[in-house]
Enquirer: 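Quick one: the structure is below, and I'll ask about it shortly.
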Amino acid sequence: MSFRNLAFGALLAAILLPASAQTDKFPARPIRLVVPWSAGGNTDGIARLMALKLSARINQQVVVDNKPGANGIVGTTAVARAQPDGYTLMLALPETNVLNPMVYKNISYTSKDLDPVAFMGVMPFALVANPSSKAATVPDLVRAAKQQPGSVSAASWGVGSTAHAAIALMEQTARVELLHVPFPGTAPALTQVFSGQIDLMFLSALNAVELEKSGKVKVLGVTVDKRMDSFPDVPTLAEKGLPGIDVALWYGIAAPAKTPPAIKDYLAKEILEVLKDPTVLQDLRGRGMVVQPKNADEFSRFMAAEEGRWSGLIKAKNIRIDN
């Protein structure tokens, strides 16, 4: 047999190597989990919990690397350009992995530059209002917005954010026009709702319920199709006359495109095992997450549905950032 034939045979054997054999040496060094947001806060806490528990399962350190900036674009770009070898992952959210590529005119990555690995769960929103607002109930909101378009204001934590998408969906569903007021973060937006300068805002259901107890806001309803087990006394927006506003933050793990399937499958398996840990479930539920584990294929289908769901609305509402 010639040297050329031997070389070709060796190459073919490597290509056809079973998935289990391809991952025998993985991971051989620490894995970097990029969080495209600042350290501290709920999102960072979720990433650090997952990194800690995953490290213990794979016997290799998973290091959280916060890379904030430009609504998550800085960190996501770093992942999209990284080597697709399984050693760089990211905490995926709607903004970074679906909305940003649709909203920003000039962006350094697309959704095709990232591979879904595993889905963790969703964090449903609640629509809240200032208790003294003219939109303190859903019927009042719809009536006021129809009588005087743009008279009811709704805050978000930025143009193209999940909260902004929820506002746009509510406008479409109720056939009203609201005054969208973007802020550089949740805290400054909430301050304006507390003071009565802004009428409405979407935020996590957990935060909304806690704020209602203090009398700072009134919860109009949660953005799920049935009442949440965590808050069985809180009605859905559908119950109040606004069906179809099923919007939530979601969390998953993604990798650079073309990461080997065997490595993605291995990581997904380990991540889904972490999500079975009772202490992890308790922690995530305490943060307001509804845990809904999905493997890479299921996450891919979910992402495709999300892209299809939002692309038309974003175009119709002309949600665009000419950066």
Enquirer: Do other residues, nucleotides or ligands put more than 12 heavy atoms under 6.0 Å from the CG atom of D229?
Expert: no

Enquirer: Please test L206 against S230 for side-chain contact (heavy atoms from CB on, under 4.5 Å), starting from the C-alpha separation and ending with a verdict.
Expert: CA-CA 9 Å; L206 177 65; S230 304; over 6 Å; no

Enquirer: Using a strict 4.0 Å threshold on nitrogen-to-oxygen distance, state whether E306 and R309 make a salt bridge.
Expert: yes

Enquirer: Just do the side-chain contact (heavy atoms from CB on, under 4.5 Å) check on V128 and E212 with the steps written out, would you?
Expert: CA-CA 9 Å; V128 301; E212 186 176 49; over 6 Å; no

Enquirer: Got a sec, which residues hit side-chain hydrogen bond (donor to acceptor under 3.5 Å, both in side chains) with R320, two or more places apart in sequence or on another chain?
Expert: none

Enquirer: I'd like to know if the side chain of E210 reaches the main chain of N207, judged simply by a donor and an acceptor atom lying under 3.5 Å from each other, with no hydrogens or angles considered.
Expert: no

Enquirer: For a side-chain contact (heavy atoms from CB on, under 4.5 Å) check, start with the C-alpha distance between N71 and I321, then their side-chain angles and the critical distance, and finish with the verdict.
Expert: CA-CA 11 Å; N71 199 37; I321 296 177; over 6 Å; no

Enquirer: When clusters are formed by joining ILVMFWY residues with side-chain heavy atoms under 4.5 Å apart, either directly or through shared neighbours, do V63 and M90 land in the same one?
Expert: no

Enquirer: Could you measure the distance from the CD atom of E307 to the OG atom of S111? Nearest 0.5 Å is fine.
Expert: 4.0 Å

Enquirer: Counting only N and O atoms by type, is there a donor-acceptor contact under 3.5 Å from the side chain of T173 to the main-chain atoms of L242?
Expert: no

Enquirer: Answer yes if L91 and V74 sit in the same cluster of Ile, Leu, Val, Met, Phe, Trp and Tyr residues linked by side chain heavy atoms under 4.5 Å apart, and no otherwise.
Expert: no

Enquirer: Quick check: does any side chain N or O of E171 sit under 3.5 Å from a backbone N or O of L178, one acting as donor and the other as acceptor?
Expert: yes

Enquirer: Could you go through the salt bridge (charged side-chain N to carboxylate O under 4.0 Å, His left out) check for E273 and K276 one step at a time?
Expert: CA-CA 5 Å; E273 286 299 319; K276 294 178 183 177; 3.1 Å; yes

Enquirer: Can you find a heavy atom in the side chain of M201 that is under 4.5 Å from one in the side chain of V217?
Expert: no

Enquirer: T137 and D140: side chain to side chain donor-acceptor pair (under 3.5 Å), yes or no, with the steps?
Expert: CA-CA 5 Å; T137 69; D140 289 344; 3.0 Å; yes

Enquirer: Would you list the pairs meeting ring-ring contact (aromatic ring centres under 6.0 Å, His included) in which at least one residue belongs to residues 41-83, sequence neighbours left out?
Expert: none

Enquirer: Show me the pairs that pass ring-ring contact (aromatic ring centres under 6.0 Å, His included) and involve residues 180-213, at least two apart or across chains.
Expert: H164-H180

Enquirer: Using the rule that two of Ile, Leu, Val, Met, Phe, Trp, Tyr join whenever any of their side-chain heavy atoms come within less than 4.5 Å, decide whether V159 and Y104 are in one cluster.
Expert: yes

Enquirer: Return yes when atom NZ of K294 has more than 12 non-hydrogen atoms of other residues, nucleotides or ligands closer than 6.0 Å, and no otherwise.
Expert: yes

Enquirer: Quick test of your reading: applying side chain to side chain donor-acceptor pair (under 3.5 Å), list the pairs with at least one residue in residues 87-98, sequence neighbours left out, ordered by first then second residue.
Expert: E95-W157, E95-T162

Enquirer: So, the side chain of D199 versus the backbone of S153: is there a donor-acceptor pair under 3.5 Å, distance only?
Expert: yes

Enquirer: Let me have the donor-acceptor pairs involving side chains of residues 112-124, under 3.5 Å, with sequence neighbours excluded, atom names and distances please.
Expert:
residue: D113; atom: OD2; partner: T110; partner atom: N; Å: 2.8
residue: D115; atom: OD2; partner: K258; partner atom: N; Å: 3.0
residue: D115; atom: OD2; partner: K264; partner atom: NZ; Å: 3.2

Enquirer: What do you reckon, is CD of Q148 surrounded by more than 12 foreign heavy atoms closer than 6.0 Å?
Expert: no

Enquirer: Which side chain to side chain donor-acceptor pair (under 3.5 Å) pairs, counting each pair once, include a residue from residues 29-49, with sequence neighbours left out?
Expert: R29-D85, R32-D65, N42-R287, T43-Y251, D44-R48, D44-N66, R48-N66

Enquirer: Does atom NZ (K240) have a neighbourhood of more than 12 heavy atoms from anything else shown, all under 6.0 Å?
Expert: no

Enquirer: Under the criterion side-chain contact (heavy atoms from CB on, under 4.5 Å), I'd like the reasoning laid out for T236 against E239: C-alpha separation, chi angles, the key distance, then a yes or no.
Expert: CA-CA 5 Å; T236 67; E239 290 178 62; 3.2 Å; yes

Enquirer: Verify, without hydrogens or angle tests, whether S214 (side chain) and L211 (backbone) share a donor-acceptor contact under 3.5 angstrom.
Expert: yes

Enquirer: For G160 versus L99, what's the shortest heavy-atom pair and its separation?
Expert: O-CD1, 3.5 Å

Enquirer: Any heavy-atom pair between the side chains of V222 and L237 that's under 4.5 Å?
Expert: no

